[in-house]
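Only one structure is covered here, and it is reproduced in the block below.
Computed from a predicted model, the values in this text were never measured in an experiment. We name chains A, B, ... by the order of the sequence lines, and we start the count at 1 in each one.
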There are 2 protein chains.
Amino acid sequence: MAHLDRIFHSLSDSTRRAVIAQLAHGPASVGDLAQRHSMALPSFMKHVRVLEESEIVVSRKMGRVRMCQLRPDALTIAQGWLERERRIWESRLDRLDSFVETLAEQDNAHGHE
Amino acid sequence: MAHLDRIFHSLSDSTRRAVIAQLAHGPASVGDLAQRHSMALPSFMKHVRVLEESEIVVSRKMGRVRMCQLRPDALTIAQGWLERERRIWESRLDRLDSFVETLAEQDNAHGHE
DNA sequence: GGATTAGTTAGCCATATGGCTCATCTTGAT
DNA sequence: ATCAAGATGAGCCATATGGCTAACTAATCC
């Protein structure tokens with residue numbers, strides 16, 4: 001599960017989430033992305049690399065500019081995991097509800113409303 | 001957005017994701033949870049604490065046993081963020097499609113610049 | 001009461017993270 | 001040909017993370 005580790009780790013930093021949010025609106029160069037975050041470029045580059053290693057972002061160099069963009073399926077893996085767990089959790093709550101209902105019915109067995 | 005930071009950080013560790021997965025099936029004590037992960041209890045407790053600080057898990061002590069359970073809205077915040085970003089990203093791709101179509105049409109009409 | 005069980009606290013350690021600066025390299029503009 | 005711009009590489013630093021052991025507390029069991 002090292003991939004999920006990397007994906008969620010990427011998402012755990014607000015700078016990187018901001019980069020994702022920005023890239024959701026369209027491709028941008030490292031410089032463009034860096035501008036909004038008052039941070040030295042080498043520091044910022046580390047974030048870009050983290051995003052690339054988690055396969056959320058791809059980039060390629062055109063001239064001296066590196067253009068970055070989101071991968072089409074960037075967030076679906078993370079969403080998939082969350083959705084699966086939530087489903088399990090909710091189906092359990094449903095069963096629990098009906099279990100509680102059953103209990104309630106049994107409880108009412110001798111005093112029907 | 002320190003809260004999102006903490007949530008995604010919690011999710012970035014496979015031990016903690018396993019705990020969430022287990023808790024999705026129902027409450028469990030710290031001991032129950034720890035058993036499957038060959039790890040010293042104090043190490044494991046740190047994970048539990050991380051999960052509590054990110055408000056994914058709540059626990060309360062009954063006797064000498066600490067019972068843990070998922071919070072009902074545990075994963076919705078993370079899902080919400082992911083869903084918002086994906087929506088932006090996809091609506092942009094839609095616009096881009098029509099933009100490319102438009103370009104193609106113009107290209108056919110006038111030639112290039 | 002004494003032993004056992006389930007956590008908890010404290011502290012150690014190696015590595016990872018996230019920031020910085022300074023030096024370098026490549027490309028684009030003049 | 002030179003210079004500026006956009007990255008990139010190397011390396012420093014403080015703090016955080018994730019593991020451990022050992023010692024302690026508090027509930028339960030015999």
Side-chain angles (χ1 to χ4, degrees), chain A residues 1-23 26-70 78, chain B residues 1-23 26-70 78 81 113:
Chain A
M1 299 266 176
H3 190 190
L4 268 179
D5 285 18
R6 283 194 291 271
I7 290 173
F8 283 125
H9 172 65
S10 280
L11 297 174
S12 74
D13 181 276
S14 69
T15 297
R16 288 191 292 263
R17 284 198 307 280
V19 168
I20 293 173
Q22 192 172 344
L23 286 179
S29 71
V30 170
D32 290 342
L33 293 170
Q35 267 187 338
R36 307 196 174 183
H37 313 275
S38 48
M39 187 182 301
L41 249 188
S43 313
F44 187 79
M45 283 297 296
K46 287 191 183 179
H47 290 299
V48 173
R49 177 160 304 180
V50 168
L51 286 166
E52 287 207 70
E53 283 172 358
S54 61
E55 298 180 33
I56 292 174
V57 163
V58 282
S59 73
R60 105 193 140 103
K61 204 152 180 183
M62 301 168 59
R64 63 184 163 176
V65 171
R66 176 172 295 278
M67 292 300 291
C68 306
Q69 56 182 349
L70 280 187
Chain B
M1 300 270 174
H3 190 191
L4 267 180
D5 285 18
R6 283 194 292 271
I7 289 173
F8 283 124
H9 172 65
S10 280
L11 297 174
S12 74
D13 181 276
S14 69
T15 298
R16 288 191 291 263
R17 284 198 308 278
V19 168
I20 292 173
Q22 192 172 343
L23 287 178
S29 71
V30 170
D32 290 342
L33 293 170
Q35 266 186 339
R36 309 195 173 185
H37 312 275
S38 50
M39 189 185 296
L41 247 190
S43 312
F44 187 78
M45 284 297 298
K46 286 191 184 179
H47 290 299
V48 173
R49 178 159 304 181
V50 168
L51 286 166
E52 287 206 70
E53 283 173 356
S54 61
E55 299 179 32
I56 292 175
V57 163
V58 282
S59 73
R60 106 194 142 102
K61 204 154 180 182
M62 302 166 59
R64 63 184 163 175
V65 171
R66 177 172 294 277
M67 291 300 291
C68 305
Q69 55 182 347
L70 280 187
W81 189 87
E113 180 179 327

Can you tell me how the ring of Trp81(B) sits relative to the ring of Phe8(B), calling it parallel under 30°, perpendicular over 60° and tilted otherwise? perpendicular
Testing His47(A), Met39(A), Lys46(A) for side-chain contact (heavy atoms from CB on, under 4.5 Å) with Ser43(A), which one passes? Met39(A)
For Arg49(B) and dG18(D), give me the distance from atom CZ to atom C1', rounded to whole Å. 14 Å
Side-chain N or O of Arg66(A) closer than 4.0 Å to phosphate OP1/OP2 of dT8(D): yes
Walking DNA chain C from its 5' end, the first of His9(A) and Arg64(A) to be reached, judged by nearest nucleotide, is His9(A)
Rounded to whole Å, the CZ-P distance (Phe44(B) to dT21(D)) equals 16 Å
Write down the distance between CZ (Arg16(A)) and P (dA16(C)), rounded to a whole number of angstrom. 15 Å
Is any side-chain nitrogen or oxygen of Ser43(B) closer than 4.0 Å to OP1 or OP2 of dC20(D)? yes
Which of the following nucleotides, dT8(C), dG19(C), dG18(D), is nearest to the side chain of Leu41(B)? dT8(C)
Nearest whole Å is fine: how far is dT17(D) C1' from Asp13(A) CG? 15 Å
Distance in angstrom units between Met62(B) CE and dG7(C) P, rounded: 12 Å
Distance check, rounded to the nearest 0.5 Å: Glu52(B) atom CD versus Ser10(B) atom OG? 10.5 Å
Could you measure the distance from the CG atom of Leu33(A) to the CZ atom of Arg66(A)? Nearest 0.5 Å is fine. 12.0 Å
Given atom NE2 of His37(B) and atom P of dG18(D), what is their separation to the nearest angstrom? 14 Å
Asp32(B) or Met39(A): which one's nearest nucleotide on DNA chain C is closer to the 5' end? Asp32(B)
State which of dA7(D), dG7(C), dC20(C) makes the closest approach to the side chain of Lys61(A). dA7(D)
Start at the 5' end of DNA chain D and walk down; is the nucleotide closest to Met67(A) or to Lys46(A) reached first? Met67(A)
In whole angstrom, give the distance that lies between atom CG of Leu51(A) and atom P of dT17(C). 13 Å
